[in-house]
Amino acid sequence: MKPLQKLYHLLEGKEFQTRMEGVALLLDLSKTRPQLISTNIVQIFDYFDLRLCDTHKRVRQKALDVLAEIIGLLEDALSPVIIRLVEGITKNLNSKDPGVRAAAVKALEGSIAHLGEADPWHGLSSTGSLSPRHKRALSALTAAVVCGTLQLTPTRSFGGAVLRNQSSNRPECDQQFPKVPGALGAVLLV
């Protein structure tokens with residue numbers, strides 16, 4: 001069986017031990033065949049994302065631990081999937097299981113370090129003309145939405161959505177992500 005087919009098969013396994021084997025195989029392939037993983041990153045993470053929300057806490061914890069490690073191995077290859085990964089990580093920050101929560105914090109720290117080194121707007125032509133100040137403001141808003149301090153609410157006006165302020169219940173985010181600039185926040189918040 002080819003490595004990718006084996007990986008997909010294991011990540012979709014019915015038994016939690018099988019899914020954990022798939023997560024371990026992803027780490028092994030990231031170390032031994034990073035080009036294979038980088039080339040197929042979107043397809044692979046279609047399967048791996050499900051393990052970040054797995055019903056079994058041991059699979060979630062292992063997936064988060066592996067993610068923290070492969071962020072450093074794959075670096076820029078993760079750019080197409082980094083937002084999905086951060087969303088998966090933040091869903092686990094409020095876990096009742098201390099092992100899952102600790103693994104989520106570790107993975108969040110790794111993704112923040114990765115985002116800090118990369119230009120999150122690289123390759124997006126619509127942001128090419130933005131000033132560094134505006135890019136920082138967009139990054140802060142994105143972080144606030146991801147962390148839950150701002151809620152993106154669908155509407156029929158304002159281009160389809162409006163931001164609403166809500167209290168933060170995630171101290172990890174308050175410590176790690178930048179604050180929304182006051183003037184920009186005042187303009188955007190309802």
Would you check if the side chain of [X] reaches a backbone N or O of [Y] as a donor-acceptor pair within less than 3.5 Å?
| X | Y | result |
| --- | --- | --- |
| Thr90 | Glu87 | yes |
| Thr32 | Asp28 | yes |
| Arg60 | Leu52 | no |

Do [X] and [Y] land in one hydrophobic cluster if side-chain heavy atoms of ILVMFWY residues count as linked below 4.5 Å?
| X | Y | result |
| --- | --- | --- |
| Leu11 | Ile37 | yes |
| Phe48 | Leu29 | yes |
| Leu85 | Tyr47 | yes |
| Leu50 | Leu67 | no |
| Leu26 | Leu10 | yes |

Flag side-chain contact, heavy atom, 4.5 Å: [X] against [Y]:
| X | Y | result |
| --- | --- | --- |
| Leu36 | Pro3 | yes |
| Phe16 | Thr55 | no |
| Leu64 | Arg51 | no |

Presence of salt bridge, [Y] and [X], under 4.0 angstrom:
| X | Y | value |
| --- | --- | --- |
| Asp97 | Lys57 | yes |
| Arg19 | Glu12 | no |
| Lys62 | Asp65 | no |

Q.
Looking at Glu15, I'd like to know if its CD atom is crowded, meaning that more than 12 non-hydrogen atoms belonging to other residues, nucleotides or ligands lie closer than 6.0 Å.
A. no
When every non-hydrogen atom of Ala63 is compared with those of Val23, the smallest separation belongs to CA-CG1, 3.7 Å
